[in-house]
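To keep things clear, I will list the structure first and then write my remarks on it.
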Amino acid sequence: MNEQIIIRPPAPEALNEIANIVGEKGVITGDDQTPFLVEWRGRWPGAAAMIVAPKSTEEAAAIVKVCAKNNIAITPQGGNTGLVGGQIPTGPEILISMKRMARIRDVSPLDNTMTVDAGVTLQAAQDAALAAERLFPLSIGSEGTCQVGGVISTNAGGVNVLKYGNTRELVLGLEVITPDGEIWDGLRRLRKNNTGYDLKQLFIGAEGTLGLVTGAVLKLFPMPLARSTAFVGLSSPHEAVSLLSLAQSGSGGAVTSFELISRQCMDLLMKHIPGVREPMAERFPWYVLLECSGNDGAALTNSVEGFLGRALEEGLASDAVIAANETQANDFWRMRHSISEAISGEGHGARHDVSVPTARIPAFLEDAAVHVEKIAPGARIAAFGHVGDGNVHYDVIGPEGSAKDSLDAKRSEIEAGVYDIIEKYDGSISAEHGVGVQRRDAIAL
């Protein structure tokens, strides 16, 4: 018979013991707790018996030991940028924030590796790599705030998965606190190591349920000397999938990012994000934001112009504009990274982070649209995502002019139907955001 574990409020003595471990600077109290207990979409308000921020691996291990001894539940938290509520405590547990563990331990250009604390922000990791003339390619919209430990625990994807892979492919080693408070030192720089099980893979994507990540060895890459960024207008997602194939062959494998954006997303961007303008003179039902990178700028430009010209001739694209400079390229990317914020301006809606084989994206979008219209006539579908790896962010919001959260009563029915379609196409209900609270029940299906 399975033993049931009952979580009770921690005893004051145990909380005092934890407070003594981290000192006054490591205990977060009063109004300072608020940013840790509310996620940015406002869906899951939190509560915690205590919020602590260790400054070292040893302090974190000591905290976990006290919790294990006293049967105290733990919620780890990185930059609190998660989209499924997994980082928000909901009861008599303690929250362990990694914000004070923000040390770049080592950068080794010759090894193409970097060793960091889990609390280092993704932007700081990118900047440290850049200072050593290297690239850490993981890039997501929250990179200025999210932390390395969080992206590891959720196996974050982002816009460069097509060329560099998910977080799982970018981690060589980990340092983890196990549930009994022991430190597992797996900080290896090796790219080849067949000595037994690859234990780090258990913790990558585990969302903090198997241990507390405190450090990581990350892969670095040579910094590309040139990039070419283009915005392309399309008639349908079918064209996007064909254009991806053409771009990959026409660029010799130089495609780094390939992002699908619906017309609805563009409308919401211009409504809610200051300074956003139409990327080209004519409005199109769909768009692709693509980027290629390499070392020969002239050759890269020629290849991008070449495959885009062919796409226009063959009817795979309706119009295209190549960024004339770095500023315009950054403006294009600002639009892409602001889509979630723009959608949030319309309320919670029914948010999906799904994936299907790339070739099946158009069929999924068609089937899902029929399902949504049956349940919520007139609902707006803001679909966008990473075509190259099959990841679609399929967000449904109320009809134009409806109340902000008008779909709340229909959210479960919409999500269940979308997940059924995902199963039909051999896909996943959580491509890169994780399970968290939002999909904790749905994953059992």
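Side chains are part of it too, since the values below use all heavy atoms of this structure and drop only hydrogens, waters and symmetry mates. Along the sequence shown, residues are numbered consecutively beginning with 1.
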- Message: I'd like to know whether Ser251 forms a side chain to side chain contact (heavy atoms under 4.5 Å, CB included) with Phe307, so could you lay out the CA-CA distance, the side-chain angles of the two residues, the decisive distance to 0.1 Å, and finally the verdict.
- Response: CA-CA 7 Å; Ser251 68; Phe307 70 69; 4.0 Å; yes
- Query: Please walk me through it: do Arg360 and Asp426 pass salt bridge (charged side-chain N to carboxylate O under 4.0 Å, His left out)?
  - Reply: CA-CA 10 Å; Arg360 294 184 169 186; Asp426 298 322; 3.4 Å; yes
- Query: Taking it one step at a time, do Thr358 and Asp389 satisfy side chain to side chain contact (heavy atoms under 4.5 Å, CB included)?
  - Reply: CA-CA 6 Å; Thr358 297; Asp389 52 51; 5.9 Å; no
- Task: Evaluate side chain to side chain contact (heavy atoms under 4.5 Å, CB included) for His352 paired with Ile414, printing each intermediate quantity in order.
- Result: CA-CA 10 Å; His352 308 83; Ile414 292 172; 4.0 Å; yes
- Item | Verdict with reasoning, Arg334 to Asp331, per salt bridge (charged side-chain N to carboxylate O under 4.0 Å, His left out) | CA-CA 5 Å; Arg334 177 174 175 261; Asp331 287 343; over 6 Å; no
- Item | Audit row: Leu268, Arg380, side chain to side chain contact (heavy atoms under 4.5 Å, CB included) steps and yes/no | CA-CA 11 Å; Leu268 293 174; Arg380 292 168 290 168; 4.1 Å; yes
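The closest side-chain heavy-atom distance from Phe384 to Arg336 is below 4.5 Å. With a 4.5 Å cut-off on side-chain heavy atoms, Pro137 and Phe221 count as touching. Side-chain contact between Leu172 and Asp111: absent, with no pair of heavy atoms (C-beta onward) separated by less than 4.5 Å. Looking at heavy atoms from C-beta onward, Val159 lies out of side-chain contact with Ile140 at the 4.5 angstrom threshold. Between Tyr164 and Leu138 the shortest side-chain heavy-atom distance does not fall below 4.5 Å. With contacts defined as side-chain heavy-atom distances shorter than 4.5 Å, the pair Lys219/Val171 does not qualify. Residues Glu143 and Thr121 fail the side-chain proximity criterion, which asks for heavy atoms closer than 4.5 Å. Taking the side chain as every heavy atom from C-beta outward, Pro222 and Glu133 never approach each other to under 4.5 Å.
Remark: the backbone N or O of Met114 is not paired with any side-chain donor or acceptor of Asp106 at under 3.5 angstrom. Remark: side-chain polar atoms of Ser108 are not paired, donor with acceptor, to backbone N or O of Asn112 under 3.5 angstrom. Without hydrogens or angle criteria, Arg411 side chain to Ala350 main chain gives no donor-acceptor distance under 3.5 Å. With Thr81 contributing its side chain and Ser142 its backbone, the two residues share no donor-acceptor pair below 3.5 Å. Although no hydrogens or angles enter the test, the distance criterion places no donor-acceptor pair under 3.5 Å between the side chain of Ser406 and the main chain of Ser402. Although no hydrogens or angles enter the test, the distance criterion places no donor-acceptor pair under 3.5 Å between the side chain of Asp32 and the main chain of Ile28. Side chain of Glu291 to backbone of Ser228: no donor-acceptor contact under 3.5 angstrom is found. Panel note: side chain Glu278, backbone Arg283; no donor-acceptor pair is recorded below 3.5 Å. Using modelled atom types, one side-chain atom of Asp296 and one backbone atom of Ala298 make a donor-acceptor pair closer than 3.5 Å. When atom types are taken as modelled, the side chain of Asp127 and the backbone of Ala129 share no donor-acceptor pair closer than 3.5 angstrom.
Counting heavy-atom neighbours within 6.0 Å of Arg310 CZ, excluding the residue itself, gives a total of 12 or less. Within a 6.0 Å radius of CZ in Arg191, other residues, nucleotides and ligands contribute more than 12 heavy atoms. Heavy atoms of other residues, nucleotides or ligands lying less than 6.0 angstrom from CD of Gln248 number more than 12. Counting heavy-atom neighbours within 6.0 Å of Glu423 CD, excluding the residue itself, gives a total of 12 or less.
Atoms CE and CE, on Met335 and Met270 in that order, are 9.0 Å from each other to the nearest 0.5 Å. In this structure, Arg439 CZ and Asp353 CG are separated by 5.0 Å, a value rounded to the nearest 0.5 Å. Interatomic distance, Met280 CE to Ser318 OG, rounded to the nearest 0.5 Å: 9.5 Å. Note that NZ of Lys99 and CD of Gln77 are 10.5 Å apart. Values are rounded to the nearest 0.5 Å. The CG atom of Leu365 sits 7.0 Å away from the CG atom of Leu260 when rounded to the nearest 0.5 Å. Separation of atoms CD1 (Ile204) and CG (Leu199) is listed at 11.0 Å; rounding is to 0.5 Å.
No side-chain N or O of Gln438 forms a donor-acceptor pair with one of Trp44 less than 3.5 Å apart. Side-chain atoms of Ser257 and Asn160 include a donor-acceptor pair closer than 3.5 Å. Between His238 and Glu366, the side chains place a donor N or O and an acceptor N or O closer than 3.5 Å (distance only, hydrogens not considered). Side chains of Glu207 and Ser153: a donor-acceptor N/O pair is absent below 3.5 angstrom, by distance only. Using modelled atom types and a 3.5 Å distance limit, the side chains of Glu259 and His386 yield a donor-acceptor pair.
Of the options Arg105, Arg188, Lys200, a salt bridge (Lys or Arg N to Asp or Glu O under 4.0 Å) to Glu175 is made by Arg105 and by none of the others.
A salt bridge is defined here as a Lys NZ or Arg NE, NH1 or NH2 lying under 4.0 Å from an Asp or Glu carboxylate O, and Arg263 with Asp267 meets this definition. A salt bridge between Glu39 and Arg43 is absent, with no side-chain N of the basic residue lying under 4.0 Å from a carboxylate O of the acidic one. Under the 4.0 Å criterion applied to side-chain N and carboxylate O atoms, Lys271 and Glu346 are assigned as salt-bridge partners.
Nearest heavy-atom pair, Leu234 versus Tyr287, reported as atom, atom and distance to 0.1 Å: CD1-C, 4.3 Å. Listed here is the closest heavy atom pair of Ile183 and Ala61: CG1-CB, 3.8 Å.
Taking the six-membered ring where the residue is Trp, the centroids of Tyr394 and Phe364 are separated by under 6.0 Å.
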